[in-house]
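Data first, discussion second: the structure below is written as structure tokens.
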Amino acid sequence: GRGATPLDGITVARTIDDGTQNIFDLNFLAPTPPPAPQVVLTSSDDFIDIIWDTPNQVKFVSKTPTWDLRFEGYQVWAFKTNIAEDIVSGEENSALIARYDLNNFIQNVYKENSSTGGIELLYEMSSAENQLDSALYVDPQTGRIRLRIFNDPFSTSQKIVKGRPYYFAVTSYALNFDALVYKNDPTVAVGDTGYYYLNAFAFAQEAENIKTIVSIVAGEDANNPPVL
């Protein structure tokens, strides 16, 4: 890595060296995100359902002497094309259409920029109806999310169009609890309700799945529509 200044460059290099040593010490175990959600799409003529089971993510914990990664939430993305990039051919291609996170002491999550020292918003707290009760969503009998889409994600005043393809992705993410710092007062112990940031000098800060697109043609399941 290259630092902003010669001294910073030394710090970055040392951090990389320390990280490599940590991975070696842990028998090449590196920080990983929760299991990727297994997303199912169904539709009628006028809506699309995005559905996934939650227990495998909600129960996720990866703890070593170097990090303490625990599941915290989901992000749901729509795409204009089947390419999982934010910009395609110079135009906007992605939109974050929903977020879900655990109903716990963590509200907004920020990330410390190792180059600038700035504290930047990483994960915004979800709306009240999308706060997840871990006891409910870790249970195989009740752990499922169904997000129903009626309007075009990129033109929200327009209804979805029968016969048109739509593209989505759902990612899950975990936070390193060893890296959490209470944003308004770093001396406050982790566990108080509020905003937190992830320390730049922790070996791991967060781990999130890559965006894997699933697609559906609206109305293609019209003969066997989703449960209302």
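What's counted below: heavy atoms across the whole structure, side chains too, no hydrogens, waters or symmetry copies. Small disclaimer: the values here were computed from a predicted structure and weren't measured. Throughout, numbering of the chain's residues begins at 1 and tracks the sequence.
- With rounding to the nearest 0.5 angstrom, the CD atom of E85 is 15.0 Å from the NZ atom of K80.
- Closest approach of A189 to Y196, counting heavy atoms only: O-OH, 3.8 Å.
- Under a cut-off of 6.0 angstrom, the local environment of CD in E92 is crowded, with over 12 non-hydrogen atoms contributed by other residues, nucleotides or ligands.
- Judged as a side-chain hydrogen bond (donor to acceptor under 3.5 Å, both in side chains), and not counting sequence neighbours, N108 has no contacts.
- Under the rule for a side-chain hydrogen bond (donor to acceptor under 3.5 Å, both in side chains), the partners of S94 that lie at least two apart in sequence or sit in another chain are D86.
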side-chain contact (heavy atoms from CB on, under 4.5 Å) between D68 and L175, intermediate numbers included: CA-CA 8 Å; D68 183 9; L175 304 178; over 6 Å; no

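- L96 belongs to a hydrophobic cluster with W77, F79, Y167, I213, counting contacts under 4.5 Å between side-chain heavy atoms of Ile, Leu, Val, Met, Phe, Trp and Tyr, direct or through other members.
- Rounding to the nearest 0.5 Å places OG1 of T42 at 9.0 Å from CD1 of I48.
- Using a cutoff of 4.0 Å between basic side-chain nitrogens and carboxylate oxygens, D46 and K162 are not scored as salt-bridged.
- One hydrophobic cluster holds both F168 and V170 under the rule that ILVMFWY side chains link at heavy-atom gaps under 4.5 Å.
- Interatomic distance, OG of S43 versus CD of E220, reported as 5.5 Å (0.5 Å rounding).
- Scanning for side chain to side chain contact (heavy atoms under 4.5 Å, CB included) contacts around S89 gives an empty result, with sequence neighbours left out.
- Under the 4.5 Å side-chain heavy-atom criterion for Ile, Leu, Val, Met, Phe, Trp and Tyr, V138 and I106 are members of distinct hydrophobic clusters.
- Through direct or indirect side-chain contacts shorter than 4.5 Å among Ile, Leu, Val, Met, Phe, Trp and Tyr, L121 is connected to Y110, I119, V181, Y195, Y197.
- Under a 4.0 Å N-O distance rule, the pair R99/D101 does not qualify as a salt bridge.
- In this structure, F203 is not a member of the same hydrophobic cluster as F177, with clusters built from ILVMFWY side-chain heavy atoms closer than 4.5 Å.
- Note that the CD1 atom of I216 and the CZ atom of R164 stand 14.0 Å from one another [nearest 0.5 Å].
- L122 and W67 are not part of a single hydrophobic cluster, where members link through side-chain heavy atoms under 4.5 Å apart.
- For residues 170-183, no pair satisfies salt bridge (Lys or Arg N to Asp or Glu O under 4.0 Å), with sequence neighbours left out.
- In this model, a donor atom of one side chain and an acceptor atom of the other lie less than 3.5 Å apart for N104 and E72.
- Considering only residues two or more places apart in sequence or on other chains, E120 meets the side-chain hydrogen bond (donor to acceptor under 3.5 Å, both in side chains) condition with N113.
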From CA spacing to verdict: side-chain contact (heavy atoms from CB on, under 4.5 Å), L41, D49: CA-CA 6 Å; L41 301 180; D49 278 346; over 6 Å; no

side-chain contact (heavy atoms from CB on, under 4.5 Å) evaluation trace for D152 with V161: CA-CA 8 Å; D152 187 305; V161 178; over 6 Å; no

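- Inspection of the T193 and Q107 side chains reveals no N or O donor paired with an N or O acceptor under 3.5 Å.
- Sorted by first and then second residue, the salt bridge (Lys or Arg N to Asp or Glu O under 4.0 Å) pairs involving residues 127-144 (not counting sequence neighbours) are D53-R144.
- The side chain to side chain donor-acceptor pair (under 3.5 Å) pairs that include a residue from residues 201-217 are Q75-E208, K111-E206, Y123-E208, T171-E208, S172-N209, where partners are two or more places apart or lie in different chains.
- Atom-to-atom distance recorded for Y74:OH and N130:CG is 12.0 Å, nearest 0.5 angstrom.
- Residue I83 shares its hydrophobic cluster (ILVMFWY side chains chained together at separations under 4.5 Å) with V88.
- Between atom CD of residue Q57 and atom CG of residue L102 there is a gap of 11.0 Å, rounded to the nearest 0.5 Å.
- In terms of hydrophobic clustering, with Ile, Leu, Val, Met, Phe, Trp and Tyr side chains grouped at heavy-atom distances under 4.5 Å, Y173 and F105 are assigned to a common cluster.
- T64 places a side-chain N or O within donor-acceptor distance of the main-chain N or O of T66, the cut-off being under 3.5 Å.
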Stepwise side chain to side chain donor-acceptor pair (under 3.5 Å) test for N93 and T81: CA-CA 7 Å; N93 183 60; T81 70; 3.0 Å; yes

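- With S62 contributing its side chain and L69 its backbone, the two residues share no donor-acceptor pair below 3.5 Å.
- Judged as a side-chain hydrogen bond (donor to acceptor under 3.5 Å, both in side chains), and not counting sequence neighbours, N82 has no contacts.
- For residues 132-158, the pairs satisfying ring pair (Phe, Tyr, Trp, His ring centres under 6.0 Å) are F47-F150, with sequence neighbours left out.
- Remark: side-chain polar atoms of T54 are paired, donor with acceptor, to backbone N or O of G143 under 3.5 angstrom.
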